[in-house]
Amino acid sequence: MFLRSDFDLESERADAEQVAALLESIGRVDKTIAILGTSPQTYMSTAFLPEDGSFTLDFRDGGPARHYSVQGQSREVVVGAFLSYLTGDNRWKTAAEWKRDRHYELIQG
């Protein structure tokens, strides 16, 4: 899986150590976004929200109609979800109350 931060490629074949290190740095240095995925339309992403120190957590499994998100997540939840997604164990699917994000259907549909 590729790993990006603020749209810079961190690794084409990310491992757990790289993922955890990037997520620990989000919001603490000049990086605010992390994306882990297999293609431009299949990924998990997060963004740091400086207003309250929480994170968004998104995943997409195909086109805009298959984009889901959740707000107000802790760093711990985000790290756990990303590592689960990386290993393919699917625990990330129950890590949060995912809601379909129709915003992307409107702007990309």
Side-chain angles (χ1 to χ4, degrees):
M1 285 190 188
F2 66 81
L3 180 64
R4 296 184 178 277
S5 65
D6 295 276
F7 304 103
D8 292 326
L9 183 64
E10 298 285 331
S11 175
E12 290 183 9
R13 302 189 85 202
D15 61 30
E17 186 176 315
Q18 291 169 318
V19 170
L22 175 60
L23 293 172
E24 287 300 326
S25 73
I26 298 289
R28 295 182 174 146
V29 293
D30 61 343
K31 298 174 182 174
T32 59
I33 297 170
I35 303 169
L36 178 66
T38 58
S39 76
Q41 297 295 319
T42 306
Y43 60 85
M44 179 172 284
S45 66
T46 190
F48 178 70
L49 302 173
E51 304 82 39
D52 64 3
S54 71
F55 293 81
T56 64
L57 187 57
D58 291 55
F59 83 89
R60 181 180 282 210
D61 189 22
R66 297 185 53 105
H67 193 111
Y68 300 85
S69 64
V70 62
Q71 306 289 316
Q73 300 302 295
S74 69
R75 187 180 306 271
E76 180 179 64
V77 168
V78 170
V79 171
F82 265 68
L83 293 176
S84 172
Y85 188 77
L86 176 69
T87 61
D89 71 13
N90 291 327
R91 285 181 297 158
W92 63 270
K93 290 182 178 180
T94 59
E97 292 188 36
W98 299 101
K99 303 236 189 286
R100 190 163 155 207
D101 192 337
R102 297 186 191 284
H103 167 78
Y104 292 95
E105 291 178 73
L106 297 173
I107 63 172
Q108 296 174 343

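In this pair, F59 and Y68 present their aromatic rings parallel. The plane angle is below 30°, not in the 30 to 60° band.
With hydrogens and angles disregarded, no donor-acceptor distance shorter than 3.5 Å links the side chain of W98 to the backbone of V70. R100 contributes no side-chain N or O that, together with a main-chain N or O of H67, makes up a donor-acceptor pair within less than 3.5 Å.
For the atom pair R4 CZ and S11 OG, the distance stands at 11.0 Å (nearest 0.5 Å). Atom-to-atom distance recorded for L23:CG and Q18:CD is 11.5 Å, nearest 0.5 angstrom. From L83, atom CG reaches atom CE of M44 across 10.0 Å, with rounding to the nearest 0.5 Å.
Residues L49 and T56 have side chains in contact (heavy-atom distance under 4.5 Å, counting atoms from C-beta outward). Side-chain atoms of L22 and L3, non-hydrogen and from C-beta on, do get closer than 4.5 Å to each other. A 4.5 Å side-chain heavy-atom check between L36 and F2 finds every atom pair outside the cut-off. Within the 4.5 Å cutoff, no side-chain heavy atoms of L57 are placed close to those of W92.
Remark: D6 does not engage K31 in a salt bridge, criterion side-chain N to carboxylate O under 4.0 Å.
Between the side chains of S5 and E10, a donor-acceptor pair is found at a separation under 3.5 Å. Side chains of S84 and D89: a donor on one and an acceptor on the other come within 3.5 Å.
Heavy-atom minimum distance, A95 versus Q73: O-OE1, 4.4 Å.
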